[in-house]
Amino acid sequence: MAKELRTEKLKAWYGNQQILKGIDMQIESNAITAIIGPSGCGKSTFVRCLNRMHEVIDGTRVEGEVWFQDQNVYASGVDPVEIRSRIGMVFQKPNPFPTMSIYDNVASGLKLNGIRKKSILDEAVEKSLRMAAIWDEVKDRLKHSGMGLSGGQQQRLCIARALAIEPEILLMDEPASALDPISTSHIEDLVLELKKQVTIVIVTHNLHQAARIADHTAFFLNGEMIEFNQTEHMFSSPDDHRTDDYISGRFG
Ligand SMILES: Nc1ncnc2c1ncn2[C@@H]1O[C@H](COP(=O)(O)OP(=O)(O)OP(=O)(O)O)[C@@H](O)[C@H]1O
């Protein structure tokens with residue numbers, strides 16, 4: 001299987017507190033990889049290290065390697081801004097740019113990259129909104145504020161915004177945890193559809209969600225990766241007793 005992203009002995013700190021204790025993981029292309037584990041085990045920190053978002057917080061440190069195809073994203077001379085445009089991110093709480101229209105939210109990244117031609121922007125905005133399965137709901141109000149949308153629509157708008165700059169990988173940090181069950185199911189359908197075009201890494205608290213959508217699942221505990229397996233295998237007969245305890249609700 002093609003490996004898009006690989007971490008080697010990845011360690012991360014906030015100040016003196018070590019959060020990740022040496023994670024080795026291989027993430028397959030055009031697949032969904034879920035990260036599960038109890039609160040505080042380092043799931044968000046891990047995904048934020050993949051696209052160099054961890055370092056935007058003062059006092060943080062990373063050791064080890066993240067290989068994106070044949071490039072170590074932590075090598076000297078690598079531009080973190082370029083990495084973040086190729087490895088996009090969607091956060092837990094929908095965060096449309098509040099002063100911008102729906103259209104401008106999606107076009108913003110392209111405009112930052114210097115694209116000005118209206119026909120190109122129009123096409124990219126429509127394509128991204130379609131990919132995020134929200135085009136039909138917003139096509140008649142593209143000039144309205146994104147803040148007027150429901151939570152689930154806002155999250156799909158944020159996914160469209162992330163997709164507009166055509167990332168190769170999309171990191172999703174609990175993208176549905178602030179949403180109701182119907183919006184959650186829209187997001188899950190969307191993620192399943194998107195994996196044809198983008199490699200997806202998704203952090204989730206929701207074990208059923210991981211079981212429903214992920215091809216592979218990683219179980220984290222106290223900053224270590226206890227198990228990484230095919231999702232079906234992990235949820236039916238996990239190799240490690242700690243995974244078994246977690247997925248059967250004995251802790252966490
Ligand atoms: N900005 C920060 N400054 C200091 N410590 C932090 C910061 N963000 C997270 N931490 C600490 O790092 C540890 C791991 O946090 P992280 O958010 O990666 O865990 P998580 O598994 O994603 O948790 P959750 O499921 O609750 O979101 C926790 O102990 C948390 O308190």
Side-chain angles (χ1 to χ4, degrees), residues 5-25 27 32-66 73-74 80 83-84 87-95 151 154-155 158-159 162 169-181 183-184 187-188 191 200-214 216-229 231 234-235 238 240 242-252:
L5 206 55
R6 176 164 59 87
T7 67
E8 273 184 25
K9 299 188 179 58
L10 186 66
K11 298 176 182 164
W13 287 259
Y14 287 103
N16 292 328
Q17 194 192 2
Q18 184 172 4
I19 308 299
L20 298 179
K21 299 180 180 153
I23 308 286
D24 294 316
M25 192 193 295
I27 292 163
I32 300 170
T33 300
I35 318 281
I36 61 168
S39 187
C41 68
K43 304 179 297 293
S44 296
T45 305
F46 176 75
V47 290
R48 292 172 62 88
C49 286
L50 298 178
N51 72 344
R52 294 191 56 171
M53 284 288 282
H54 184 60
E55 70 202 46
V56 303
I57 299 169
D58 276 350
T60 57
R61 189 157 66 87
V62 174
E63 272 182 21
E65 293 169 3
V66 175
V73 310
Y74 284 98
I83 293 297
R84 288 175 208 139
I87 307 179
M89 195 152 192
V90 173
F91 299 90
Q92 178 171 2
K93 204 167 157 278
N95 59 349
Q154 287 187 15
Q155 191 62 301
C158 294
I159 293 171
I169 298 179
L170 194 57
L171 309 173
M172 309 183 94
D173 192 355
E174 308 215 27
S177 67
L179 306 179
D180 61 71
S183 303
T184 297
I187 298 283
E188 289 182 9
V191 170
I200 293 178
V201 182
I202 182 168
V203 171
T204 180
H205 259 117
N206 182 334
L207 300 181
H208 295 291
Q209 180 169 76
R212 280 193 294 267
I213 65 174
H216 304 103
T217 299
F219 170 55
F220 279 33
L221 187 61
N222 296 327
E224 292 182 60
M225 189 171 75
I226 303 299
E227 183 163 348
F228 180 82
N229 235 320
T231 300
M234 184 173 284
F235 284 99
D240 193 288
R242 290 164 293 183
T243 318
D244 196 14
D245 287 348
Y246 181 67
I247 61 180
S248 41
R250 282 191 279 275
F251 72 92

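Just so we're clear, the structure is a prediction, and the values are computed from it rather than from any experiment. Numbering starts at 1 and runs along the sequence shown. Every number for a ligand or one of its atoms is a count from 1 in the order of the listing.
- Distances from atom 21 (O) of ligand 1 to the heavy atoms of H205, E174, H54, K43 put K43 nearest.
- One option in G15, P38, G40 has a heavy atom closer to atom 23 (O) of ligand 1 than any other, and that option is G40.
- There is no protein heavy atom less than 4.0 angstrom from atom 31 (O) of ligand 1.
- Remark: ligand 1 and I57 share no N or O pair separated by less than 3.5 Å (distance only, no angle test).
- Among S44, S177, A12, the residue whose heavy atom sits closest to atom 17 (O) of ligand 1 is S44.
- On a distance-only criterion, I19 and ligand 1 share no N/O pair closer than 3.5 Å.
- Looking at ligand 1, you won't find any N or O of G37 less than 3.5 Å from one of its N or O atoms.
- Nearest protein heavy-atom contact of atom 9 (C) of ligand 1 is Y14 CE1, 3.4 Å.
- Looking only at side-chain heavy atoms (C-beta outward), L170 and M89 stay at 4.5 Å or farther from each other.
- Separating the CD atom in Q155 from the OG atom in S177 is a distance of 8.5 Å, to the nearest 0.5 Å.
- Within ligand 1, counting atoms from 1 as listed, the ones closer than 4.0 Å to a heavy atom of G42 are 14 (C), 18 (O), 19 (O), 20 (P), 21 (O).
- Nearest approach of A210 to T204, heavy atoms of both residues: CB-CG2, 3.9 Å.
- Distance check on atom 13 (C) of ligand 1: some protein heavy atom falls below the 4.0 Å cut-off.
- Numbered from 1 in the order shown, with element, the atoms of ligand 1 that lie under 4.0 Å from a heavy atom of Q17 read 29 (O).
- Annotation for ligand 1: atoms under 4.0 Å from non-hydrogen atoms of C41 are 19 (O), 21 (O).
- Listed by number with element, the atoms of ligand 1 under 4.0 Å from a non-hydrogen atom of T45 are 14 (C), 15 (O), 16 (P), 18 (O).
- Using a 4.0 Å cut-off between charged side-chain N and carboxylate O, E188 and R212 make a salt bridge.
- Looking only at distances, a side-chain donor or acceptor of N206 sits under 3.5 Å from a matching main-chain atom of H208.
- Remark: aromatic rings of Y14 and H54 are close, center separation under 6.0 Å.
- S39 OG, 2.5 Å is the protein heavy atom nearest to atom 26 (O) of ligand 1.
- At least one donor-acceptor pair under 3.5 Å links the side chain of D24 to the backbone N or O of K9.
- Between H216 and F228, the angle of the ring planes stays under 30°, which puts this pair in the parallel group of the 30/60° scheme.
- Within the model, atoms CZ of R242 and CD of E224 stand 7.0 Å from one another, a figure rounded to the nearest 0.5 Å.
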